[in-house]
Structures are given as C-alpha cells and as structure tokens.
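Contents: one structure, followed by commentary.
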Amino acid sequence: MNDKPAVNRDAVIDQAIEYAIEYAISWRRIAAMIERYWYLLRSSWPRLLELIYWPAVQMMMWGFLQLYIAQNAGFFARAGGTFIGAVLLWDILFRGQLGFSVSFLEEMWSRNLANLMMSPLKPIELVIALMVMSIVRLLIGMVPVSLLAIGFFGFNLYGLGLALAAFFLNLILTSWAVGIFVSGVVMRNGLGAENLAWTIMFLLMPLTCVYYPVAVLPHWLQVVAWSLPPTYVFEGMRALLIDHTFRADLMVQAFAMNVVVFGAGVVGFMLLLKAARRHGSLIQTGE
Amino acid sequence: MSVPAIAVERLVKIYQRGMAVDGISFVLPVGSVTGLLGGNGAGKTTTIAMIMGLLTPTSGTVRVLGVDMPRHRYRVLHRMNFESPYVEMPMRLTVRQNLTVFGRLYGVTGLADRIAELADELDLAELLDQPSGKLSSGQKTRVSLAKALINRPEVLLLDEPTASLDPDTADWVRASLERYRAGRGATILLASHNMTEVERLCDRVIIMKKGRIEDDGTPAELLARYGRGTLEEVFLDVARGRGHVREAAQ
C-alpha cells in the first residue's frame, strides 16, 4: 500500500522528463543557429551592403517626392514625414519577412535542410533563430537608413518614441507570421515556390494602405484592409504625424489580430512540415 | 536481451507515384555493420530517411535504440548521425564554423578538442579555416564524415558515402569508418552501390529490389547461396531476377 504513491511520483517524474525532452526549447541550439547565420552574413560584404542599399534608395526617392509635394501643397506641408515614415515602416514589414525567409532559403540553397532536420534541432528552435536573424538583418539595414532620413530630410523616426515601439512590434509580428508560413510552403514544395518569399508582401502593399488612408479605398476593399494588422499601424502613423494623436486603440486591435495571425503562421508551418515529412520533401530540397 | 540498434517492422512507404518500400522488416544488433544493397529505386534511401525520421512511414514501425523513431525522434537524434554526398554543408562557412555549429546542435562537450581530434583523424587540419564550398569532392566527403562523427554517434547512417570519390579517397574513407566502428562499437547502416565497399565493411548484407527485401545474410552466406565469387555477381543475379543459382541448379 505504501509503495503506491512512490511509484506514482516516479511515474510523474519520468513523464515530466519525457515531456521536457520532447518539448523543451534549447537556447544552446538556437544560439548555434544564430551563430550559423551570423557567420554567413559576415562572409559576404555584398550581402551586408544589400541590406542597406534598397531601403536607402526607397527612402531617398520618397523623401524627395515628399519634399517636392510639400512645397506645392498646403496639406502635405502639414503632413511632414508621412511618406518617409511610411517607407521606413513598410521596410520593417517587408525586410522583416525577407530577413526571416532569406535565412531559411539559405538552408535550401545550400542543401543543408536535411542535415538540420535530422539533428536534435527542433522546428520551433529553428523558427526562433530565424526570428532573431530577421531582427539582426533589419537593424543592419534600417539603422543607417533611419540616420540618413534625419540627415537628408530632418525626419527622426526615433522621435516617435513609444509609438515607434508599438508600430515595430506589430509590424515585426506580421512579418514573422508571413515569413514562417512562406518558409513552410517552400519546405513542402521545394525551391519552385521560392518566388513567393520575394513577392508575397507586395500583395499586402496596396491593401494595407502604406502611403494613403484606408478611406481612399472602395468600401468593400476597406473591409479587406481592416482585416490586415499592418493597416492599423499605417493609419496610426498618419494619425500621429498629421493629427499628432497616438491611437492606442489601433495598436491594441493590431496586436490582437497579430496574435491570431502569428499563431496561424506557426500552425501552418508545423502542418506543412508534417506534410513535407509525409511527401519526402525534406530529402528532395531542389525544384 | 539487449535492445537492438535498429528495428524495422513491416515498414511501408507509398508515394503518389507508387510503392517505394513494401513491408520490409529487419533488426540490426548493436555494433553491427550492415549494407543495404539495391539498384536505383530499390528503396534504400527511402528506408534510411524513415529510420532518420526525415520521412513518415505510411505504415509499420521504426525503432532506433529502442525509441519509436517518428513519434519520439528527439529522444534519440543526439545519439545518431548521417552522412550522404547528396546532403551538403553550408558552402560559405568554413569547415571549422560548420563543425562548430553542428557540434553545438548535437550538444557536444569539449567541442574545440573534438574538432581537433576529428581534424587529426580525417586529415582536415589544413582545411579547417577554408570555406566548405571551395573544397574538392573528396575533401567535402571527409568534412561530411567529420560532421557525421562529431557527436560520436552510436548509430551511423550512410547513404553512398563514397559515391563520386576516386579509389584512393574512397579507400581512405572506408578505413576511417572501420576505425570508428572498432573504436566506438557503433552500429552502421550503409546504403551503397559499391560492392567492394560492402564486402570490406559489412558483416551483413540486405539486398533490396522494388521496395522489398530480396535477400539477407552475411557476405559469405550470400556468395555461397548464389554460387558466386563476388557480391557484384550476386547483385547482378538479384537485379536480373536470376535467383539462387546454386539452389536452382540443385
């Protein structure tokens, strides 16, 4: 009789150990993957330069356009920085997703995915490492460009203060959700689906109203726009720069939607991984 | 009775294009070296991929070191490893960087010493700081082998480890595998088209054809059963459906 509780306790401990082995996240393995992507980034200066090049070109073009329009229209003179702000926030969304997806594509290009998938690295650890790398790549690109915006156009992104943190959090969550899902699609279907990684965000560009208010869209398209979390961020940015009002309500709504979108991205990735294991895609990582 | 290194039971894999593995079963004891022979499309790589957990079986079971492989793979993956010329290492990373990353993924302790040890054993010392992509195919194979041995695996799966290597390098790789097996007591499962390799390394041979096991035995048993002098002749008999020559003659 007295032995029974002891047996149960042992069983619970065994179960807990097994659970830990199956589901525990290893920061050592995540750090190893970040180290792997960092080595990769460091090994090629053109790749580093590329991280800055396009955001800088975009920012300069929209900045000068805004300068020109502001000299000829009263409204735009008051709405100082909306174009530059929009292009910088758009780059957080676009480059965040690209930073995630490109790091994943590196595994496909180098035919290394099978090595990783048969190692103790868990899919969730790979996803976390890719999220960290998307921030690293984003910072390498965006910090110099945001400084250029101050120098050329007197637009200080960091002057947005806490609002910038809210914008950043919401945009990066959307970008990760899309990046995770696209990586799953590429893993399941091979490099034939690679173009999706480069183009999917441009589908969101007109719908999330990066450069114009939602009110510009036809009514039925406005419904679609408001179903996308980045729309709330770009509307919030315009409210801040034009009306000098921080719309916390928009940020909270965007965050709530992002939690759902991010969860859907992770679940989609796991289902696609399962399908890839079923269809043999992990051992055929080519076209 | 000790737990076998690998136990495969009624394993089936069906793709949309057809049956790849058709109900195979085998048990590999700890410390054995087994060759998986067969022509293209025989199901060797599919079988190895299912043992590694890269591919989900349609039905049947795979247990590695007693662990149900598809379901509980994370309990055993750190005790096994794999090498194939068809799976590469990141090309722009140096050999040392690649081995460091994989060493950390496998939780290897004393990693710097282990890399130095492998560099010594596999003659990689001069290559350690070169990008993996700039190596010759023979050098790449040695690096892949170093990656496969980084965690001192108890179970080592090899898919045509000497494909496209010159005879000297291939011989060198086989010698390394023999040393590793002798030193570690590891279990090795080797898919190969190379009969010389199989005869030299393996104490058991499983011959596959169209997803099924056609024959299974030690090299000596197979030679006797088919009345042949080499495994290559045995392989050709099986591939061409000639069956057991001696048995047929009797």
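Note: hydrogens, waters and symmetry copies are ignored here, and every other heavy atom, side chains too, is used. A, B, ... follow the sequence lines: proteins, then strands. Residue 1 opens every chain.
Residues B/His72 and B/Met69 have side chains not in contact (no heavy-atom distance under 4.5 Å, counting atoms from C-beta outward).
For a residue to count as touching a neighbouring chain, one of its non-hydrogen atoms must lie under 4.5 Å from one of that chain's; by this rule B/Ser84 does not touch chain A. Only the side chain of B/Tyr15 comes within less than 4.5 Å of a heavy atom of chain A; its backbone N, CA, C and O stay farther away. Proximity to chain A (any heavy atom under 4.5 Å) is restricted, for B/Leu93, to the side chain, taken from C-beta onward. At a 4.5 Å heavy-atom cutoff, the contact between B/Arg17 and chain A is made by side-chain atoms alone.
The candidate with the highest count of non-hydrogen atom pairs below 4.5 Å against chain A, out of B/Met52, B/Gln97, B/Met80, B/Met91, is B/Gln97. Interface check for chain A: of the options B/Ser132, B/Pro57, B/Gly107, the most heavy-atom pairs under 4.5 Å are formed by B/Gly107. Taking chain B as the reference chain and counting heavy-atom pairs below 4.5 Å, the highest number among A/Met117, A/Arg28, A/Lys274 is found for A/Arg28. Chain B forms more heavy-atom pairs under 4.5 Å with one residue of A/Met118, A/Arg42, A/Arg29, A/His279 than with any other, namely A/Met118. Counting heavy-atom pairs closer than 4.5 Å to chain A, the top-ranked of the candidates B/Leu105, B/Leu55, B/Leu77 is B/Leu105. Top candidate by heavy-atom pairs under 4.5 Å with chain B, chosen from A/Glu106, A/Met33, A/Glu35, is A/Glu35.
When each of B/Ile48, B/Leu54, B/Val155 is paired with B/Phe82, the side chain to side chain contact (heavy atoms under 4.5 Å, CB included) condition holds for B/Ile48 and for no other.
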Open item on the list: Please determine whether side chain to side chain donor-acceptor pair (under 3.5 Å) holds for the pair B/Glu160 and B/Ser192, giving the CA-CA distance in whole Å, both sets of side-chain angles, and the decisive distance to 0.1 Å.
Closed with: CA-CA 5 Å; B/Glu160 299 180 38; B/Ser192 181; over 6 Å; no
TODO: Evaluate the criterion side chain to side chain donor-acceptor pair (under 3.5 Å) for residue pair B/Lys147 and B/Asn81; output intermediate values, then yes/no.
DONE: CA-CA 8 Å; B/Lys147 174 253 150 191; B/Asn81 214 318; 2.8 Å; yes
- [ ] Step by step, work out the side chain to side chain contact (heavy atoms under 4.5 Å, CB included) result for B/Met19 and B/Val12.
- [x] CA-CA 8 Å; B/Met19 178 86 76; B/Val12 173; 3.9 Å; yes
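A/Gln58 and A/Tyr53 form no side-chain donor-acceptor contact under 3.5 Å, judged by distance and modelled atom types alone.
For the pair B/Arg142 and B/Glu83, the salt-bridge criterion is not met [side-chain N within less than 4.0 Å of a carboxylate O].
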